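Structure, as structure tokens:
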There are 2 protein chains.
Amino acid sequence: MVAELAAGRRPTIIDVAKRAGVSKSLASRALRGDAGVSTSSRDLVLDAAQELGYRPNSAARSLVRGVSGLVGVVLNQLDNQHHTGIVQGVQERAKELNARVIIGNGAQNPEELQRQIDTMIELRVDGLVIVSSWVPRQVLERAGSEVPTVVLTHLADPPAEVDTIASDDVYGAQLAVEHLVQAGHQRIAYLSRSASATSQARIDGVVLALEAAQLPCTIVQVDAGDDINLQELSASGVDAVLCNNDLTAAEVIRLAHEQQVQVPGQLAVIGYDNTALARLLYPSLTSIDQPQVNMGRRAVDAIAERTAGRTEALRELYTPQLVVRSSTAQP
Amino acid sequence: MVAELAAGRRPTIIDVAKRAGVSKSLASRALRGDAGVSTSSRDLVLDAAQELGYRPNSAARSLVRGVSGLVGVVLNQLDNQHHTGIVQGVQERAKELNARVIIGNGAQNPEELQRQIDTMIELRVDGLVIVSSWVPRQVLERAGSEVPTVVLTHLADPPAEVDTIASDDVYGAQLAVEHLVQAGHQRIAYLSRSASATSQARIDGVVLALEAAQLPCTIVQVDAGDDINLQELSASGVDAVLCNNDLTAAEVIRLAHEQQVQVPGQLAVIGYDNTALARLLYPSLTSIDQPQVNMGRRAVDAIAERTAGRTEALRELYTPQLVVRSSTAQP
DNA sequence: TTGTAGGCGTTATCAT
DNA sequence: ATGATAACGCCTACAA
């Protein structure tokens with residue numbers, strides 16, 4: 001049993017050095033595994049640290065080294081599997097590069113998003129990953145000018161200060177629509193619960209694909225609080241619907257069940273993001289897959305490149321893929 | 001357009017002071033809105049800061065003040081709505097108390113969980129919220145002795161060093177089983193995909209309730225990689241199943257659809273956590289609700305109390321509630 | 001191999 | 001109202 005320190009006071013490297021009977025610089029070297037430390041004093045220091053329950057103070061370390069070893073991720077929805085898939089990739093790659101990841105949750109609130117970004121920058125993260133298309137351009141510009149910043153969503157007009165890694169939302173929507181057209185659907189709707197740049201890009205894709213097929217186009221926007229009106233949709237003859245994400249598609253499928261609308265028989269449904277939810281639903285959900293984990297990994301690399309000196313903005317676009325499941329009829 | 005600083009170098013309070021033509025102490029006061037600063041010099045400083053794009057360095061601040069203003073949340077699953085609901089509560093209350101929240105994701109990996117906890121402590125968070133029952137006792141003891149720590153899951157034997165806020169898992173499971181019994185079910189199973197202390201507590205509740213009802217008890221444990229075998233369950237006469245969470249219940253409902261098992265007619269299903277998923281499924285899912293947001297809020301209060309001097313461990317237990325939906329027959 | 005000393009950016013104490 | 005100055009805990013030349 002080791003004597004406890006005064007409440008609130010945590011042991012410092014000086015305490016460790018004293019207890020080990022060495023100078024604080026030597027303690028510092030030993031603790032970090034620097035070369036040029038005799039085995040004996042290394043053991044002395046390590047033992048002392050262990051006994052005292054020493055923890056390096058990363059504030060002090062960050063201050064003197066000028067880097068924090070931290071990658072910050074700010075996302076606007078914690079319970080969105082598309083976002084969390086990206087975080088997984090970020091964490092994987094960060095670990096390989098010996099960096100730590102901290103996450104800030106924007107809670108679907110633009111103001112909170114901004115607060116989180118501020119917090120990260122003040123924490124002096126070495127890189128910032130933003131998974132949201134709700135961040136004002138001006139905020140992105142400033143963030144990007146202060147720290148290597150990567151935005152992982154579609155941006156209508158990304159500022160030069162930030163890197164962007166996205167998947168081709170226009171093409172993804174086209175893929176989905178083409179799949180529906182090939183299956184013989186004539187009246188295809190796009191149903192969105194979001195008004196982001198991402199959703200807008202998907203609308204563009206839908207329009208393109210439907211024009212090419214010379215088919216009518218129905219765009220439905222439902223605000224957060226409102227209910228989806230499936231009957232109205234059916235009444236207007238819609239026989240297939242592409243949703244802005246899997247969550248919205250899940251809502252549609254539930255409503256279809258409730259209203260005895262056969263999926264895909266009477267109504268084909270396609271989601272977006274290909275999250276775990278797509279496999280969980282019945283009927284299982286056809287969806288557009290984005291390489292979330294890889295995108296997250298690349299984001300960390302982009303930060304590393306910036307740190308290494310790259311100055312041009314990165315504009316990376318991944319190609320999404322159609323994953324066919326039971327919510328659409330096979331052509 | 002302001003002259004840019006040398007790459008990599010961020011303006012400090014000294015730069016601001018110089019530009020404003022005042023001492024750094026005065027700049028510091030002005031920046032923090034301290035009283036005792038003349039309006040004129042305050043404006044001077046604030047303008048200078050604005051022009052330079054000054055950001056306080058929280059490492060330096062944290063070092064000298066001894067507090068970071070940070071609350072750390074470590075959770076072992078980012079895409080678990082029960083966990084994210086708690087985070088929401090933490091964020092709400094932290095904001096009211098003027099603290100910032102950073103999140104660490106354990107990624108379902110005990111080793112990573114520990115790394116995240118270490119990171120938070122080294123970052124000198126003022127309080128630590130742990131949403132996981134996978135953290136070794138020893139790690140909790142150490143964390144709790146270094147920083148006010150609150151664990152938000154059921155713990156078989158919580159260390160004296162940490163506060164715990166949980167909901168009564170034994171009672172919750174009892175509630176669920178009693179609901180099934182009242183509906184006339186005779187062969188009730190508990191199906192779990194987790195072997196945590198939380199799940200064990202729910203098993204205890206199931207056993208208690210079934211013994212009281214003098215009904216047989218079936219406990220099924222399915223490991224992460226394995227599939228749920230619904231046919232086997234049906235073959236053994238099970239007509240109702242309580243799942244360890246809503247996600248597992250969703251799997252059961254999908255399987256039931258696939259195998260033409262009527263829910264709730266042939267098989268009643270109850271989830272746990274009452275997440276958004278419960279409302280999304282068809283049939284909608286009866287589930288056990290935990291006051292996640294409130295629990296998250298209370299966690300921040302617990303931290304504040306500790307900081308204010310409380311030394312006894314907090315042991316708070318919330319009472320869960322049954323939310324009846326369509327996946328169980330009305331009694 | 002080890003120790004000394006200076007400084008990272010900020011706050012706070014003490015003068016003025 | 002304002003300004004020196006000494007910490008905070010750590011790292012890193014530079015010396016020994």
Side-chain angles (χ1 to χ4, degrees), chain A residues 5-6 8-46 48-49 52-70 121-126 146-147, chain B residues 5-6 8-46 48-49 52-70 121-126 146-147:
Chain A
L5 294 157
R9 186 156 175 305
R10 311 277 317 276
T12 75
I13 203 171
I14 299 188
D15 298 318
V16 175
K18 275 200 190 124
R19 181 173 249 264
V22 302
S23 73
K24 61 173 180 169
S25 25
L26 187 51
S28 172
R29 290 178 193 120
L31 286 170
R32 281 173 302 119
D34 254 28
V37 176
S38 70
T39 337
S40 56
S41 32
R42 189 171 54 82
D43 291 349
L44 239 37
V45 170
L46 262 33
L52 291 175
Y54 170 77
R55 300 258 200 189
N57 180 328
S58 50
R61 177 175 286 173
S62 158
L63 196 54
V64 62
R65 299 229 287 204
V67 295
S68 62
L70 249 32
I121 297 181
E122 290 175 14
L123 241 25
R124 295 297 191 266
V125 293
D126 297 334
E146 301 189 87
V147 57
Chain B
L5 293 158
R9 189 162 171 300
R10 309 278 317 275
T12 73
I13 202 170
I14 298 190
D15 299 317
V16 175
K18 276 200 189 120
R19 181 171 246 265
V22 300
S23 72
K24 64 173 178 170
S25 345
L26 188 51
S28 172
R29 290 181 194 114
L31 253 9
R32 281 172 300 122
D34 254 27
V37 177
S38 70
T39 338
S40 56
S41 32
R42 189 171 55 82
D43 291 348
L44 240 38
V45 170
L46 262 32
L52 291 175
Y54 169 78
R55 300 259 201 188
N57 180 328
S58 51
R61 175 175 287 175
S62 158
L63 195 54
V64 62
R65 296 231 287 203
V67 295
S68 61
L70 249 33
I121 297 181
E122 291 174 14
L123 240 27
R124 295 296 190 267
V125 293
D126 297 334
E146 301 188 87
V147 57

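All values reported here derive from a predicted model rather than from experimental measurement. Residue numbers start from 1 in every chain, and the chains themselves are labelled A, B, ... in the order their sequence lines are given, proteins ahead of strands. The analysis underlying the following values was restricted to heavy atoms, covering all of them including side chains, and did not include hydrogens, waters or symmetry mates.
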Is any N or O donor-acceptor pair between the side chain of R10(A) and the base of dG9(D) shorter than 3.5 Å? no

Any luck finding a side-chain donor-acceptor pair between S28(B) and R32(B) under 3.5 Å? yes

What contact category does S41(A) fall into here, base, sugar-phosphate, or nothing, at under 4.0 angstrom with non-hydrogen atoms? sugar-phosphate

Mind checking R124(A) for me? I need base, sugar-phosphate or nothing, with any heavy atom below 4.0 Å counting as a touch. nothing

Counting only side-chain N and O atoms of T12(A), is one of them less than 4.0 Å from OP1 or OP2 of dG9(D)? no

What's R32(B) touching, base or sugar-phosphate or nothing? Going by heavy atoms closer than 4.0 Å. sugar-phosphate

Pick base, sugar-phosphate or nothing for S58(B), based on heavy-atom distances below 4.0 Å to the nucleic acid. nothing

Return no unless some side-chain N or O of R61(B) is found under 4.0 Å from OP1 or OP2 of dT11(C). yes

Pick the nucleotide of DNA chain C nearest each of A60(A) and G36(A); which residue has the one closer to the 5' end? G36(A)

Could you give the distance from CG (N57(B)) to OG (S62(A)), rounded to the nearest 0.5 Å? 6.0 Å

Classify the side chain of R29(B) versus the base of dT13(C) as yes if they form a donor-acceptor pair under 3.5 Å and no if they do not. yes

The side-chain hydrogen bond (donor to acceptor under 3.5 Å, both in side chains) partner of D15(A) among K24(A), R9(A), R10(A) is R9(A)

Any donor-acceptor pair under 3.5 Å joining the side chain of S28(B) to the base of dA12(C)? no

Point-to-point distance, once rounded to the nearest 0.5 Å, from CG of L63(A) to OG of S58(A): 11.0 Å

Have a look at S25(A) and say if it touches a base, only the backbone sugar-phosphate, or nothing, with a 4.0 Å heavy-atom cut-off. base

